[in-house]
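Naming: A, B, ... by sequence-line order, numbering from 1 per chain.
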Number of protein chains: 2
Amino acid sequence: MDISPSDLIILRMLQENARERLETIATETGLSVATVQRRIRNLKADGAIMSENALISPKAVGYAMTFLVFVELEHERIDQIDAFRRKAKAEAQVQQCYYITGEADFALIALARDMEDYEQLTHRLFFQDSNVKRFRTSVVMDRTKVGMNVPLG
Amino acid sequence: MDISPSDLIILRMLQENARERLETIATETGLSVATVQRRIRNLKADGAIMSENALISPKAVGYAMTFLVFVELEHERIDQIDAFRRKAKAEAQVQQCYYITGEADFALIALARDMEDYEQLTHRLFFQDSNVKRFRTSVVMDRTKVGMNVPLG
DNA sequence: GATGAAACCGTTGACGC
DNA sequence: GCGTCAACGGTTTCATC
């Protein structure tokens, strides 16, 4: 998969705004509208553009709190790791799940309506799971930077 | 700002796919296409829909590595915290920045092309900054769950 | 395989109810 | 609040190079 300089411009513009007009992109890249469209189709087919999503404000729908949680498993065995991975993935309130090196095995970004809601989440994810040795919670006071943006050009 | 059950359906569908057809949403919600369109406009105006973005594969553009970094500042003073916040925000390779409670002050999700690239980032962000007392890096082995999805109904 | 033109489909905004 | 319609942008197809 090779990405040309004009592809980078296309990706940058669509990352910023998925509804960017093709004509604007064409002007910016010096390509024709038809070519821009084909490039976008190819970038999607190649998996460079994975999806196009609306970014929803958690607060607007009642998720006022964000947590960063570190999880240590009892045994670092593939089956245990996979089992926890699946569980975290299935939980809607777990926004992101990272399998990491270092003291902890996993880091999670989780959303909750309030503290009680978070406590219930910890019961589902950690207390009811004998694989989980311990977990530590950091409350997120401010999400200074959000999104999944990738540096492009 | 009140969110009706049909608004939740709209948000859920657009979060999944920003290009979901209005007609499909109308069928799913039992609303007319025109109403769906108005709801979406209102949800954007209210800030419930913050933006629509293409999700780019970091690997496709050469960012093969992800890091989770904890940063401790020398003094937990507002001006120092704000200064670091701004710096992290301005750095394209910092995908997310969280101001958190607990041992560390900040947690960052950062992208790098390779280890050398990451090392350079640490120089820009941490070593050149006398505000930064220390930082710890976890390498992300697997991004099990990505995105900024919010639980919706 | 890449390009441009044209027909088709979906979205947007204005108008009227 | 609701639907209708015209204008606009996006998508597909096709002819051409």
Which nucleotide in dG3(D), dG4(C), dT12(D) has an atom nearest any side-chain atom of Gln37(A): dT12(D)

salt_bridge(Arg12(A), Glu20(A)) N-O dist < 4.0 Å: no

Euclidean distance, Asn149(A) CG relative to Leu55(B) CG, rounded to 0.5 Å: 9.0 Å

Proximal nucleotide (of dG10(C), dG10(D), dT13(D)) relative to the Arg21(B) side chain: dG10(C)

Rounded distance (Å) that lies between atom P of dG1(C) and atom CG of Leu31(A): 19 Å

d(CD, Glu20(A); P, dT11(D)) in whole Å: 13 Å

From dT3(C), dT11(D), dT11(C), nucleotide with atom closest to Leu22(B) side chain: dT11(C)

Quiz item: Arg19(A) side-chain donor-acceptor pair to dG10(C) base, under 3.5 Å: no

Between Phe67(B) and Phe135(B), ring centroids under 6.0 Å: no

No-H, no-angle donor-acceptor pair, Glu23(B) side chain to dG10(C) base, under 3.5 Å: no

Criterion side chain to side chain donor-acceptor pair (under 3.5 Å) on Tyr98(A) and Ser138(B), from CA distance to verdict: CA-CA 10 Å; Tyr98(A) 297 94; Ser138(B) 283; over 6 Å; no

Nearest-Å distance for atom pair CD/P, residues Glu52(B) and dT12(C): 8 Å

N or O in side chain of Thr35(A) less than 4.0 angstrom from dT3(C) OP1/OP2: yes

For atom CZ of Arg41(A) and atom P of dG1(C), their distance in whole Å: 13 Å

Spacing between Arg38(A) atom CZ and dT13(D) atom P, to the nearest angstrom: 12 Å

Atom-to-atom span, CZ of Arg39(A) to P of dG1(C) - whole angstrom: 15 Å

